[in-house]
Enquirer: 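Have a look at the structure that comes next, please.
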Amino acid sequence: MTTAHPVQDLDVQPTPLALLLLGREADPRSERGVECPGDLPSPSDPDLVERARAAKEKLGDKVFVLGHHYQRDEVIQFADVTGDSFKLARDAAARPEAEYIVFCGVHFMAESADILTTDDQKVVLPDLAAGCSMADMATAEQVAECWDVLTEAGVAEQVVPVSYMNSSADIKAFTGRHGGTICTSSNAKRALEWAFEQGEKVLFLPDQHLGRNTAVRDMGMSLEDCVLYNPHKPNGGLTAEELRNAKMILWRGHCSVHGRFSVESVNDVRERIPGVNVLVHPECKHEVVAAADYVGSTEYIIKALEAAPAGSKWAIGTELNLVRRLANRFAAEDKEIVFLDKTVCFCSTMNRIDLPHLVWALESLAEGNLVNRIEVDPETEKYAKLALERMLALP
């Protein structure tokens, strides 16, 4: 076995770049705005755009391309529709004539599309490595173990699971099996209201921040009503008494992009831009949401900026591709739109769907070769769809 020596025993001085990468120093050259140090490069092959157009034209109505708001512009230009994860899955289901659904997003989104579309439709993810760190923070085994902990504490019968759309098909299926529902960032409050009509407690998966913000900010609960279940600790790091006293049992998961915004970011932008409106996504930390002026889903953010008066100033706490696109869109209306943080950049997994991968997927389909199909097994699909249908039935 190799023995790891403490860093302090080594005569090594970390460089400024190393400290920056570790998040322990700031880069004074990083200016706030919608640009990012290390911008995404242009496609290496200048013919890629034309190749994508040609393949898409050859496929015609057989293909339907979905583009999530966080995708880069080079991909979005080929999307038939854009939106958030649930809107896109519903759009796919509304196009039964399309044989191929090419989902430019991440894995859990493609799974949801497969669940909601017909058996004859085939969902394709251009890069199978495009996952979601939040969705990966709750595995089927971990959640099953959590339910055992709740059962041993004598509270499982009082608990209704509510799972965020940003979860795997396995977690959606768990939710369906245990009488729960799915939610989006737009309807989380209504989903929780429904859940508390069914039981006394909610197990909220996998994003702790959306669950906490909805419970405290939108439903008037206290922070003391919430406990955090850590799947990496025995019994989730909670006592049976804590579970019995809690109303909201929050899973220890988060979005790697939204989770990095801070109150310091909010305070700093207010100092830099007098009169700025701070608008953040509810996946942000509770203290950031509390410090913001407006809080809402991706669709809410877009509509808020559409309705904003000319000359208004906005700092947006969400993924950078979307913020840049909105800044460019509304520049002609003299709306100043900046990114809330200086250094947080793109969603790395979302950006795995780039133009080369999209071209490869489209050309393969045009040649009759089905690639990177996302297919949920029938048993998982059955219960995941049940949970989704409960959400769709919410008023």
Side-chain angles (χ1 to χ4, degrees), residues 68 70 83-90 92 103 105-116 123 125 128 130-147 150 159-188 190-192 194-195 202-215 228-232 236 248-259 281-283 297-298 347 349-350 374-377 379-392 394:
H68 191 273
Y70 298 167
D84 61 15
S85 58
F86 184 61
K87 176 182 180 296
L88 292 177
R90 292 182 70 175
F103 210 124
V106 294
H107 197 274
F108 78 81
M109 300 177 188
E111 285 184 331
S112 297
D114 183 61
I115 290 167
L116 293 174
V123 177
L125 185 65
L128 294 179
C132 171
S133 59
M134 180 201 297
D136 292 343
M137 290 178 189
T139 67
E141 294 77 12
Q142 289 173 330
V143 176
E145 182 178 342
C146 172
W147 198 256
L150 299 179
V159 175
V160 177
V162 175
S163 291
Y164 192 20
M165 191 71 183
N166 299 27
S167 59
S168 68
D170 287 336
I171 301 307
K172 290 183 177 73
F174 167 89
T175 305
R177 287 190 188 95
H178 291 85
T181 187
I182 307 303
C183 77
T184 69
S185 52
S186 299
N187 71 0
R190 184 64 197 100
L192 286 183
W194 174 87
V202 164
L203 171 62
F204 195 90
L205 300 153
D207 181 24
Q208 59 169 304
H209 301 305
L210 178 62
R212 185 182 295 106
N213 289 328
T214 305
L228 189 63
Y229 183 95
N230 185 342
H232 303 292
M248 290 286 295
I249 303 166
L250 306 170
W251 191 266
R252 190 177 180 271
H254 64 275
C255 169
S256 58
V257 172
H258 292 108
H281 195 281
E283 290 177 19
S297 66
T298 302
C347 174
T349 51
M350 187 74 72
I374 301 298
E375 193 169 18
V376 179
D377 70 86
E379 182 74 4
T380 301
E381 179 178 315
K382 173 184 174 181
Y383 288 102
K385 191 170 186 178
L386 179 60
L388 287 165
E389 288 173 342
R390 288 192 185 114
M391 180 181 74
L392 291 172
L394 295 174

Enquirer: Sub-3.5 Å donor-acceptor pair from the side chain of N213 to the main-chain atoms of P282, do we have one?
Expert: yes
Enquirer: Checking side-chain contact (heavy atoms from CB on, under 4.5 Å) for the pair T380/D170: CA distance, chi angles, key distance, verdict?
Expert: CA-CA 6 Å; T380 301; D170 287 336; 3.8 Å; yes
Enquirer: Decide whether N187 and T184 meet the rule of one side-chain donor and one side-chain acceptor closer than 3.5 Å.
Expert: yes
Enquirer: Under the criterion side-chain contact (heavy atoms from CB on, under 4.5 Å), I'd like the reasoning laid out for L192 against V202: C-alpha separation, chi angles, the key distance, then a yes or no.
Expert: CA-CA 8 Å; L192 286 183; V202 164; 3.7 Å; yes
Enquirer: Applying side-chain contact (heavy atoms from CB on, under 4.5 Å) to I249 and L150, what does each step give before you reach the verdict?
Expert: CA-CA 10 Å; I249 303 166; L150 299 179; 3.8 Å; yes
Enquirer: What pairs with T349 under side chain to side chain donor-acceptor pair (under 3.5 Å), at least two apart in sequence or on another chain?
Expert: none
Enquirer: What's the spacing between R212 CZ and L250 CG if we round to 0.5 Å?
Expert: 5.0 Å
Enquirer: Quick one: does P231's side chain get under 4.5 Å of R252's, heavy atoms only?
Expert: yes
Enquirer: Report yes if the side chains of T175 and R390 come closer than 4.5 Å at any heavy-atom pair, otherwise no.
Expert: no
Enquirer: Check Y383 against E379 and note the closest heavy-atom contact, atom names and distance.
Expert: CE1-OE2, 3.3 Å
Enquirer: Atom NE2 in H281, atom NE2 in H209: separation rounded to 0.5 Å?
Expert: 12.5 Å
Enquirer: A110 and V123: which non-hydrogen atoms are nearest, and at how many Å?
Expert: O-CG1, 3.6 Å
Enquirer: Rounded to the nearest 0.5 Å, how far apart are NZ of K87 and OG of S297?
Expert: 12.0 Å
Enquirer: Output all residues satisfying ring pair (Phe, Tyr, Trp, His ring centres under 6.0 Å) with F108, sequence neighbours left out; order by chain, then residue number.
Expert: none
Enquirer: Flag yes if more than 12 heavy atoms outside E389 fall under 6.0 Å of its CD atom; otherwise flag no.
Expert: yes
Enquirer: Any side-chain heavy atom of L203 sitting closer than 4.5 Å to one from C146?
Expert: yes
Enquirer: Is L392 close to R90 at the side-chain level, that is, under 4.5 Å between some pair of heavy atoms?
Expert: yes
Enquirer: Side chains of M165 and L388: does their closest heavy-atom pair fall under 4.5 Å?
Expert: yes
Enquirer: Might you point out which heavy atoms bring T181 and A191 nearest each other, and give the distance in Å?
Expert: CG2-CB, 4.1 Å
Enquirer: Looking at C255, is its backbone amide N or carbonyl O close enough to the side chain of E283 to form a donor-acceptor pair, meaning the two atoms are under 3.5 Å apart?
Expert: no
Enquirer: For the CD1 atom of I182 and the OG atom of S167, what is their distance to the nearest 0.5 Å?
Expert: 5.0 Å
Enquirer: Nearest 0.5 Å please: distance from the OH atom of Y229 over to the CD atom of Q142.
Expert: 8.5 Å
Enquirer: Shortest non-hydrogen contact from L228 to Q208?
Expert: CD1-OE1, 3.5 Å
Enquirer: Looking only at non-hydrogen atoms, find the nearest pair between I171 and S163 and report the distance.
Expert: CG2-OG, 3.6 Å
Enquirer: Hey, is the main chain of M137 close enough, under 3.5 Å, to the side chain of W251 for a donor-acceptor pair?
Expert: yes
Enquirer: With heavy-atom distances below 4.5 Å as the criterion, would you say the side chains of Y70 and T298 are in contact?
Expert: yes
Enquirer: Provide the closest heavy-atom pair for L125 versus A130 in the form atom of the first, atom of the second, distance.
Expert: CD2-O, 3.9 Å
Enquirer: Are the side chains of M350 and H68 in contact, using a 4.5 Å heavy-atom criterion?
Expert: yes
Enquirer: Using side-chain heavy atoms (C-beta onward) and a distance below 4.5 Å, is K172 in contact with K385?
Expert: no
